[in-house]
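Remarks on the structure that follows.
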Amino acid sequence: VSSNPAERLERFAAMLRARRFDETLIEHAELVVGVFHVSIGMEATAAALALTRGPDDLVMLNHRNHGALQALGSDPEAMFREILGRDGGRQRGRGGSLHLCDPEHGVPYTSAMVAGGAALAVGMALARKRLRRPGIVFAFFGDGAMNEGAMHESLNLSSLWQLPVLFVCESNAREHAAHATATQAARSLHELAAVHQVAAKAVDAADADAITDAMREAAAALRAGGGPGFLEARTTPWPGNATFIPRLSSGRLELTCADGDAWSKADPILRETRALSADGVALADLLAIDQAIDERMRDAFERAAAAAPAQGAHATEGVWG
Amino acid sequence: MATYHEARTRALERALAEDPALLVLGGSLSLPFNRDDGLAARHPERILLPPISEFATAAAAVGASIAGLRTLVPVSTSSFLFYGFAPVVNEAANVRYLSGGAASAPVTFHMMCGSRRGGGAQHEHTSQAMFQNVPGLRVIAPGTPASVDGALHQALTGEDPTILIDHILLAPFEGELAESPADVSAPALLRDGGDALLVSYSLMLQHCLQAARILAEEGLDVAVLEVATLAPLAVAELVEATAGHGSVLFVDESRAAGSPASHMLAQVVQARPSTRTRLVCTLDAPAPFAIQLLDELLPTPARIAAETRALIGA
């Protein structure tokens with residue numbers, strides 16, 4: 001990626017779309033009924049997905065889906081409308097933040113059950129293989145999903161049947177002395193996949209190049225007819241997620257090349273900003289990209305917030321075919 | 001004339017011929033205990049045998065259906081799906097609704113429910129009562145050769161995630177079979193009579209027909225209505241079909257609480273409060289192993305006949 005400047009800026013923009021979408025939402029959290037989850041700190045993985053996904057590929061996300069959808073290019077206004085319960089959301093008020101999906105970008109349905117979506121992705125890959133259709137399936141889930149028995153059945157089944165599914169574990173587990181996580185006795189998450197004979201590795205997901213290269217390499221192996229793959233995309237927990245409803249405790253992202261606090265060193269966007277700058281891209285150019293994206297998100301939010309509520313009269317429609 | 005087992009096998013063969021992509025994710029529809037339908041021997045390439053991983057198998061079937069591959073999952077004994085409950089009730093049932101209609105999950109789970117006799121508490125659940133309470137699942141429980149034919153056709157050509165409630169003891173029952181599959185979405189009157197109406201499905205439907213024959217020998221003229229599709233229930237058609245019957249019994253092998261029959265009864269009474277009704281269900285206990293204990297719980301033809309006499313004061 002580093003050798004292709006246009007693609008690198010495309011990836012940078014994808015990361016910023018993810019970040020600015022979530023920041024805009026957090027600033028108006030009082031307008032959201034119920035809980036929502038943000039992808040701050042995981043933008044490099046989302047952008048790697050956007051660069052790796054081919055037109056025939058399917059993506060299974062999870063409750064924390066905003067960032068990946070933004071990176072993939074989903075319409076922010078339609079997403080805000082759905083999250084705010086307004087008319088014009090793609091799920092017509094039935095899904096909300098937990099179930100955002102967008103078939104035009106390869107996301108037909110989103111499960112919010114821990115490990116639930118990854119298990120469905122195995123079936124999507126089975127469909128691709130049995131129907132001899134092109135395309136692979138990306139399954140995104142968090143480190144908590146690795147505690148579920150469903151993950152292990154799914155890893156085994158996908159490996160047994162050599163299905164084209166790439167499991168991407170977006171881990172924001174805290175560092176732990178002897179275990180992968182506070183709730184996992186295994187030493188690492190990817191070794192749990194490896195015992196099922198799934199090609200597995202851990203990647204620093206704050207390093208945009210590292211996660212992009214790893215995802216492309218894994219996807220290429222699947223496209224070449226290999227069985228499933230597994231990436232443990234390691235990130236540092238974002239402090240704003242410490243509360244039930246996320247807060248911008250570290251403030252809105254300010255693009256800078258300067259070294260900041262501990263979190264800013266783990267922020268994939270600031271790391272890439274510094275890397276781009278070191279490679280000769282002017283900060284002013286990056287700021288211009290950022291400003292345009294930021295304005296787009298704020299406009300999209302304003303229009304969504306001003307829209308009429310989703311129509312309750314339609315609540316009983318679309319249950320059966 | 002065909003037996004229920006023959007009709008089921010014929011319907012499955014037809015579905016496999018009509019949809020070359022249809023995948024059977026598991027063994028045979030007639031197992032356990034029924035004569036093998038020969039499916040595995042005739043179509044080995046259409047059958048994929050998963051490991052004993054009910055969650056992953058159910059989820060894979062649902063995921064495959066979202067991505068365009070229709071699967072039929074023979075669960076065998078319905079309690080085996082309890083490990084795979086989440087993908088069915090929490091994913092498949094919700095795909096169309098949560099996606100705003102962008103996606104659907106046309107997948108079929110086939111399972112043997114009710115008492116097979118001697119199976120005991122963990123293998124004789126009346127799981128239909130659990131599934132019928134989940135909007136989005138189509139729950140069909142046929143009780144005749146014609147309705148199992150129609151039920152398989154509906155399940156394997158329709159767009160809903162479908163639960164096919166089957167019963168091991170139905171296999172030998174005989175009935176007429178039409179050239180084309182019957183529509184099972186609305187109730188079907190199997191026997192007319194002016195003294196009372198018995199409403200039922202699955203094996204209990206056959207018990208109701210037997211009870212009607214017992215009562216006929218006593219000079220009582222009892223009608224029998226099959227309601228094969230438990231969800232979504234065709235409420236208007238059910239109310240219409242029960243019109244003109246002053247005494248209606250609802251017979252169900254489920255335990256009464258939250259049972260399909262209790263829902264039907266409520267709908268009929270709500271529409272026509274003057275109707276005299278009675279609910280005949282399995283008594284509230286797990287299925288005991290010993291047959292004499294089991295028969296204390298289940299609606300038998302004799303018990304259905306007795307309840308009918310009591311309701312009409314005969």
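Below, all heavy atoms of this structure are taken into account, side chains as well, without hydrogens, waters or symmetry copies. Proteins get letters first, then strands, A, B, ... in listed order; numbering begins at 1 in each.
With a 4.5 angstrom heavy-atom cutoff, A:Ala310 does not touch chain B via any of its atoms. Within the 4.5 angstrom heavy-atom criterion, no atom of A:Glu82 approaches chain B. Using a 4.5 Å cut-off between heavy atoms, A:Leu160 contacts chain B through its side chain alone, with no backbone atom that close. In this structure, chain B has a heavy atom under 4.5 Å from the side chain of A:Leu58, while its backbone stays farther away. Using a 4.5 Å cut-off between heavy atoms, B:Leu25 contacts chain A through its side chain alone, with no backbone atom that close. For B:Asn90, the parts lying near chain A are the backbone and the side chain together; criterion is any non-hydrogen pair under 4.5 Å. Contacts of A:Ala150 with chain B are made by both backbone and side-chain atoms, with heavy-atom separations under 4.5 Å. Only the side chain of A:Pro103 comes within less than 4.5 Å of a heavy atom of chain B; its backbone N, CA, C and O stay farther away. Interface residue A:Asn156: only side-chain heavy atoms are found under 4.5 Å from chain B.
Comment: B:Glu159 does not engage B:Arg138 in a salt bridge, judged by the lack of any side-chain N to carboxylate O separation of less than 4.0 angstrom. Contact check on B:Arg8 versus B:Asp166 returns a salt bridge, with a Lys/Arg side-chain nitrogen under 4.0 Å from an Asp/Glu carboxylate oxygen. Salt bridge present: A:Arg90 and A:Asp102 bring a charged side-chain N and a carboxylate O closer than 4.0 Å. Using a 4.0 Å cut-off between charged nitrogen and carboxylate oxygen, A:Asp56 and A:Arg128 do not count as a salt-bridge pair.
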Please test B:Glu91 against A:Ser111 for side chain to side chain donor-acceptor pair (under 3.5 Å), starting from the C-alpha separation and ending with a verdict. CA-CA 7 Å; B:Glu91 307 290 357; A:Ser111 170; 2.5 Å; yes
Go through A:Glu317 and B:Tyr97 one step at a time and tell me if the side chain to side chain donor-acceptor pair (under 3.5 Å) criterion holds. CA-CA 8 Å; A:Glu317 292 173 5; B:Tyr97 197 77; over 6 Å; no
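Put simply, of B:Thr71, B:Ile66, B:Thr57, the one with the most heavy-atom pairs under 4.5 Å next to chain A is B:Ile66. The choice from B:Pro232, B:Pro135, B:Gly68, B:Ala105 that makes the most heavy-atom pairs within less than 4.5 Å of chain A is B:Pro232. Ranked by heavy-atom pairs under 4.5 Å with chain A, the list B:Gly84, B:Ala60, B:Pro87 is led by B:Ala60. Per-residue counts of heavy-atom pairs under 4.5 Å with chain B were compared for A:Ala125, A:Pro108, A:Gly95, A:Gly318; the largest is that of A:Gly318. When A:Arg130, A:Met151, A:Met60, A:Arg92 are compared by the number of non-hydrogen pairs under 4.5 Å with chain B, A:Arg130 comes out ahead. The greatest number of non-hydrogen atom pairs below 4.5 Å with chain A, out of B:Gly101, B:Pro51, B:Ala102, B:Gly136, is found for B:Gly136. Heavy-atom pairs under 4.5 Å with chain A were tallied for B:Val95, B:Asn94, B:Val62, B:Leu23; the largest tally goes to B:Val95. When each of B:Pro161, B:Gly158, B:Ser53, B:Ala231 is checked for heavy-atom pairs under 4.5 Å with chain A, B:Ser53 comes out on top. Ranked by heavy-atom pairs under 4.5 Å with chain B, the list A:Val122, A:Val107, A:Leu126 is led by A:Leu126.
Not less than 6.0 angstrom separates the ring centroid of B:Phe109 from the ring centroid of B:Phe80. Here B:Phe82 and B:His125 bring their ring centres to under 6.0 angstrom of each other.
The backbone N or O of B:Ala228 lies less than 3.5 Å from no partner atom in the side chain of B:Ser147, so there is not a single donor-acceptor pair. With hydrogens and angles ignored, the 3.5 Å screen pairs no side-chain donor or acceptor of A:Gln70 with any backbone N or O of A:Ala18.
Residues B:Ile140 and B:Ile163 have side chains not in contact (no heavy-atom distance under 4.5 Å, counting atoms from C-beta outward).
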